[in-house]
Amino acid sequence: MPKEQGRYQLIWQTVKQIPKGRVASYADIAALTGLPGQQRLVGYALHNLPRNSDVPWQRVINAQGKISFPPRTARYRKQKALLEKEGVVFEKGKVDMEKFGVMPWLERMS
DNA sequence: AACGTGACAAGGC
DNA sequence: AGCCTTGCCACGT
């Protein structure tokens with residue numbers, strides 16, 4: 001099997017592990033992938049996702065709890081709808097990272 | 001092989 | 001609250 005075809009493969013794997021109904025920031029994914037501080041790389045990897053992948057890209061939002069697309073665009077609405085369908089709640093266009101973020105969730109597990 | 005770019009983030013005004 | 005700057009680095013030209 002082909003080993004690594006780029007770091008984005010590793011990033012995609014991490015994103016796949018985000019449970020349904022939770023979200024992670026780009027920086028969270030970078031850190032969990034072992035690439036701390038490389039949040040821009042995460043954005044790049046998701047931008048280059050193949051069309052029919054099973055990667056839950058919608059669960060990655062920015063550190064402010066907001067979707068990183070301009071509001072009012074089709075992509076923005078798509079992502080928001082997918083998340084709401086999973087039970088993620090938006091208040092004033094933002095998600096409460098303490099409630100829905102993976103990092104606090106991981107801590108509560110331990 | 002240099003250069004611009006990006007679905008980011010944090011800090012300064 | 002916004003806008004600007006800087007750090008970050010793999011990829012396609």
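Residue numbering restarts at 1 for every chain, and letters A, B, ... go by the order of the sequence lines.
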> Could you go through nucleotides 5-7 of chain B and list every protein N or O atom that sits under 3.5 Å from one of its N or O atoms, giving the distance for each pair?
from: dG6(B); atom 1: N9; to: Arg40(A); atom 2: NH2; distance (Å): 3.2
from: dG6(B); atom 1: N7; to: Arg40(A); atom 2: NH2; distance (Å): 2.6
from: dA7(B); atom 1: OP1; to: His47(A); atom 2: ND1; distance (Å): 3.1
from: dA7(B); atom 1: O4'; to: Ser68(A); atom 2: O; distance (Å): 3.4
from: dA7(B); atom 1: N3; to: Tyr26(A); atom 2: OH; distance (Å): 3.0

> What is the distance from CG of Asn62(A) to C1' of dC8(C), rounded to the nearest Å?
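Going from CG in Asn62(A) over to C1' in dC8(C) covers 17 Å.
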
> When you look at Leu46(A) and Tyr26(A), which way does the side-chain contact (heavy atoms from CB on, under 4.5 Å) test go after all the steps?
CA-CA 10 Å; Leu46(A) 292 182; Tyr26(A) 295 86; 4.1 Å; yes

> Between dC8(B) atom C1' and Ile67(A) atom CD1, what is the distance in whole Å?
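Roughly 15 Å, once rounded to whole Å.
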
> Write down the distance between CZ (Arg7(A)) and P (dC8(C)), rounded to a whole number of angstrom.
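One finds 15 Å between P of dC8(C) and CZ of Arg7(A), rounded.
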
> Please report the shortest heavy-atom distance between Phe100(A) and Val89(A), naming the atom on each side.
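Minimum heavy-atom separation between Phe100(A) and Val89(A): CZ-N, 3.6 Å.
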
> Just the rounded figure in Å: distance from P of dC8(B) to CD1 of Ile11(A).
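That distance rounds to 13 Å.
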
> For a side-chain contact (heavy atoms from CB on, under 4.5 Å) with Arg59(A), tell me which candidate from Gln79(A), Glu86(A), Arg22(A) qualifies.
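Among Gln79(A), Glu86(A), Arg22(A), the one that satisfies the side-chain contact (heavy atoms from CB on, under 4.5 Å) with Arg59(A) is Glu86(A).
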
> Could you tell me the separation between the CG atom of Leu35(A) and the P atom of dC9(C), rounded to a whole number of Å?
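These atoms are roughly 10 Å apart.
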
> Using the test salt bridge (charged side-chain N to carboxylate O under 4.0 Å, His left out), find all partners of Lys16(A) that sit at least two apart in sequence or belong to another chain.
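Lys16(A): salt bridge (charged side-chain N to carboxylate O under 4.0 Å, His left out) contacts with Asp54(A).
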
> Keeping the roles fixed (side chain from Arg7(A), backbone from Leu41(A)), state whether a donor-acceptor pair exists under 3.5 Å.
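Answer holds: no.
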
> Using atom CD of Gln38(A) as one end and atom P of dA10(C) as the other, report the distance to the nearest whole Å.
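These atoms are roughly 6 Å apart.
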
> Choose from dG7(C), dC11(C), dC9(C) the nucleotide whose nearest atom is closest to any side-chain atom of Tyr8(A).
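The answer is dC11(C), which lies nearest to the side chain.
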
> Look only at the side chain of Ser53(A) and the backbone of Leu49(A), and say whether a donor-acceptor pair between them is shorter than 3.5 Å.
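Not confirmed, Ser53(A) side chain does not pair with Leu49(A) backbone.
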
> In whole angstroms, how far is the P atom of dA10(C) from the CH2 atom of Trp12(A)?
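Taking atom P of dA10(C) as the reference, CH2 of Trp12(A) is at 16 Å.
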
